[in-house]
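Data first, discussion second: the structure below is written as structure tokens.
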Amino acid sequence: MELKWLAMVLVVLSLGAGLCDGCLEEERFALFQLKPFFEFINYKLQANNFEVECDPITGRVTHLFLNYSSSNKMQWYLNASLFLPFEELQNLSLNRNFIAGCIVNQGFERLSSKLDKLENLDLSENHFNDSILASLSELASLKSLNLKYNLFTGLNPTNGIEMLLKLNNLETLDLSSNRLGNNILSQLNDFASLKSLHLVYCGLKGTVDIQELYLGGNEINSLGSLFHGKSLGFKHMIFFNIIFKNLEKEGMKLNKLEVLSVPGNLFNNSIFSSLAEVSNLKSLDLSYNQLEGAINTKDLNVLSNLEELILFGNKVNGFIPSQGLRLMNLKHLDLGTLSIDINGLTDMKDLYGFSNLEELTMSCDTDASAYAYADCSFSLQSLGLFPTLKTLSLDGFHIYETTMASYSHNIDFTSLKRLELWNCKINKNLTRQKGLNLRSLEELQLESSSLPSNFIQVFGPLISLKKLTAYGIDGNKTPPMHDFCELTNLQELYIKGNNLKDSLPMCFSNLTSFKKLSLSLNQFSGNISALKSLTLLESLDLSSNQFSGNISALQSLTLLESLDLSSNQFSRNISVLQSLTLLEFLDLSSNQFFGNISALESLTSLQLLDISNNKFHILSSLRPLFNLSKLKYFNADNNTIHADDHEMSHSSAPRFQLSSISLSCCGTGGSFPQFFYHQSELQKVTLSDIYFKVDRFPFWLLENNTKLGTLRLMNCSLSGPFQVPLRAHSALIYLDISYNAFGGNIPVRIGARLPFLDYLNMSKNCFNGSIPSSFGDMSSLQVLDLSNNQLSGKIPEHMATGCSSLQFLALSNNTLQGSIFSGNFNLTSLSELELNGNNFTGMIPNVLANCSDLYILDLRNNYIFGEVPSWIWNKSRLAELDVSRNQLFGRLPQWRGNVSNLEQVSMADNQLNGSIPRAICSLNLKLKFLDLSMNSLYGTLPSCFKPVSAKEVHLSKNMLQGALSNAFRDSSSLVILDLSYNHLKGNIPNWISHLSDLSYLLLKGNHFEGEIPIQLCKLDRLSLIDLSQNNLSGGIPSCLKVSVLNYVIEQYIWYHLLDVDTNSSMSIEVPIEYTVKSNSYSYKRRMLQYMSGIDLSCNNFETKNIMKLITLNLSHNSLTGPVPRAFSNLTDMESLDLSYNNLTGNIPVEFAVLNFLEYFNVSYNNLSGKTPEGIGQLGTFDESSYVGNPFLCGSLVGKNCSLVVTPLTPKATAINKEDHGFIDMDAFYGSFSACYVMVLLCIAAMLYINSYWRQAWFYYIQMAVDSCYYFVVDNFPGSFCSRNM
């Protein structure tokens, strides 16, 4: 037992090391007792959120800050007695810990007896309500109580805010952002000790009736006598978003008030006359009220102690001066930022009495463009009115100098220390010869202003300037970089985002006082040798420029603590950096550095290191960085990762404890890096696109790092089973293990072990089995991607009810089955649902109608049946709907809802029938993709259907009728138009030329007639044209051409509405059917970029022309004349089909140059002469390419050319004559005719003898004739060619 106790004490001491050095041992043990409730108590994050402070003399804990220290996202109840050991505690902060209250009899009242020194208590951003107030009222020593962002209402008559009246020492009370109503002010009547009250965003609105404080009853627009009456000791009052209108003559007396902040109300100019009784007021904030016009300064005389006046967000345009102005203490005057209309204020004589001003802020409100300064002018000489002015901030002014007699030309501005110019324009004629003297100026800030190229001379001599900031300045109007060399005392220079070009001048080497230099977001180029002598530099930022060469100039800058060289073109190795031992921040990303990183071994002060996007060779063990004990953040993405062959022979552990590491792409990492076994402070880990030889999930990484919140292990060749930690991991919220080879079942208890995940991506693995129902325990889960696995079974009902926060669900490409969400359903937050590629059956579930934010619904490639539910068309946010390749039937419903945001509709390959409803016209503006192909839709396209944004329209293999009218006349963005295999008729419309982006025109298998419109020649992006199997006639336009696109056709990828990274972004890829080499193939986008061709087969064309293309099909037409020799110019031709025409003459020998020809067919024409044996590609084709040409001879057709006579006048019937070999056709015809006559006579004799047979025979004949007739009418309405094809 004693050994067990000793072990516990040692654990406590180890946990406290470095955290509370000097604290009493018993209080260290008490801190250990807090560990289960505040997991991050040992961890210090930004702004020291988690910190323990002990008195150096007594060793007692005096400050305990446990902000954001609980990873539990569920509400929980606090045992306040855990803080009893900290008897000297003065400050306790429990901000943002999801605490809903205290355990019964273990509330804050337990602390009143021992924690009598507790003065400051912060319970903000929790879930406390009014029930806690009685417990807090016992903490008599409290001086400051912060209760903002909780659930207080103040409505409880017995346990309301008035319970806090017992806190006689309370000076500061913050109730901001609670659900308090207007009655809260009546409960503050007797807070005599209160000096500061915060009621920001408390829901006070409308008429504030605070009669209990004697402030109601009169409809006045000023405070009136608000401050007469009962004396309250407030020194600070802050009200925000309160609309004060009705105030009473009797009020509470606030004669001690020093700070009054009432922004965002309805006060007007009369407010000043109501402040007579608050003569001690030092700070007055009236921003964003209804002050307007000029303010009479005599109204301000009552505020003789006023030091700060803030008026921005009003419509003040000046001041009316008065005699005897007594605002001699006013030091800070803020007239606004962006919202003040101060037009016409050309001088500052109105503010003559404010002679002791130290800080002045003014802004000009202009409704014109960003540089419309004509009405907002300001004279720098007017600053002579303020001899003590130290800070001047101007926004939106045209700054000029004046020669007015009212100002001296020799005014000394030696008091001005800081000058800020935002969106200002400085007169180019402004010169310092007029008496401008800013020799005491220490800081100059220029943001998005228009400056003359000599502005440094204008403000000069700036002999005292220490800091210069210029951001968003036009690089063409800024001074030459040489001019900055005059500022020899400059210590900080920030020139960011100014589009500056050229190289750094060598005179920069003289600016040896520089401590901080930032030249980021410009276009500087060349080397950086000019920086070599700036040995006092502590911070250097050259990011996002075009600097190049080596970085040897940095070797002498040994005082550098921060160095950012990212996004340049620096190259070579980084050995020169090894002398910069004080570096804490180093960013070398996005350059061309190469070699190893051993030079970084000596940079022992480094805390952040980013070497991503270079050409480094990095050992996966990170052995060169083991001595960097302060390293917290490391990013080495997009380099080359190597396995460390000597890793196992080095037993040393790294000295660093990383918080974040990212190693993504590329290389072989070998076994999982051993240094991870020594890490316990990791919060974010990204290892992707690296080949690791690991046969199981590194679950120990979670067990060793209790604060790990993000783990990305994508595409790391990880295999084996996926294991979860033995205990619940409460910090992990993001897990991505996609693109690996994990197999087996998903752990049954994954929901219990990883309960607080909000992002989980397990896609593209080999998981099998069913989906664990424990996913339903992840109430915080927002994104779940299990797509592209081998999962089976049904969707667990517990998942459909428990994952109430789920917004993205992807289960596509598995073998899931059963009905979709057949039971209870609570996924009402779903915005994207992807279930495609499974075996789901049943109907589209109506429970999805409750998902009001549904954005993407993808159910394609399943076995879903039934009608398309009408609620789908009521989804106002729905952008993508894909239910293609299912078994849906019925008509497309008419809808009345608002689906105008739909951009993609795909219902292809179902059993839908009926006409296309007119309601589709509501999609005209946003519809980009429409696929209703392979259904049984009939009728005409609605006349109102004009999708102006459409890029793809697929309506093939339906029964649509009528002419093409004007449906797509305005669809100028259309890339693919597929109307093949319908019953459309009429001419191809001339407006086809409006479709300037059209690349694929597919009208095959319709009843179009007339000629090919010449307007097709205007479409220079055409790649495939298929007009086959129509009734087109006439000539082929000589200008008609197609070409290979040579670029990838746009993939219509629907990016997720959520701001998350997923791998299952849905892409739409409808194959295009096209006939090549007498066979019909379906081509997808990856192949279409290499395709071009024209198919005009099965029409009635009578002439021929030449086009540039890869495939040409002119078969089954009426082409005459010789084969065009110009075809030989089609050197990229792969398929040429001229069969079944009336072509004559020889096969041109020029075809020998068609080296890529893979298919050639001239059969059944009237060609003559010798076949092209041994002529290029033509010699490789067999007799089937030439059959049906009786006058062709040669070995390819088995005829001797000496025995064949070429016809002088070929006849069209020649194409039907063949050599029938050994058969005597005359004898065959005679015998066949005799046999046929005998059979007919025998049948007639039998029918004559037997009347029953005769009656049955004629009945059968009648039925057969009727059946054939209706069959022909229904199925063969077209031409002879259609039957042949």
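- Judged by distance alone, with hydrogens and angles left aside, the side-chain atoms of N910 form a donor-acceptor pair with the main-chain N or O of L888 at under 3.5 Å.
- One distance of note links CD of E832 with SG of C851; it measures 12.5 Å at 0.5 Å rounding.
- Side-chain contact of N824 with E797: a donor-acceptor pair under 3.5 Å is present, judged by distance alone.
- Considering all non-hydrogen atoms of both residues, F825 and V847 come closest at CE2-O, 3.6 Å.
- Side-chain polar atoms of N982 and N1006 form no donor-acceptor pair below 3.5 angstrom.
- In this structure, H983 and H1007 have parallel ring planes: the angle between them is below the 30° cut-off, well short of the 60° mark.
- Nearest heavy atoms, S812 versus N814: O-ND2, 3.2 Å.
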* To do: Check step by step if salt bridge (Lys or Arg N to Asp or Glu O under 4.0 Å) holds for D853 and R877.
  => CA-CA 6 Å; D853 293 327; R877 301 196 66 190; 3.3 Å; yes
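- If you run side-chain contact (heavy atoms from CB on, under 4.5 Å) between L984 and each of T940, L1003, L960, L955, only L960 comes through.
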### Query
Under the side chain to side chain donor-acceptor pair (under 3.5 Å) criterion, do N1030 and N1099 qualify, and how do the steps go?
CA-CA 6 Å; N1030 280 284; N1099 281 286; 4.9 Å; no
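- The only member of N789, N861, N788, N838 that meets side-chain hydrogen bond (donor to acceptor under 3.5 Å, both in side chains) when paired with N813 is N788.
- For the residue pair K926/N901, the side-chain donor-acceptor check at 3.5 Å is satisfied.
- In this structure E1011 satisfies the side chain to side chain donor-acceptor pair (under 3.5 Å) test with no other residue, sequence neighbours excluded.
- Between R885 and L859 the shortest side-chain heavy-atom distance does not fall below 4.5 Å.
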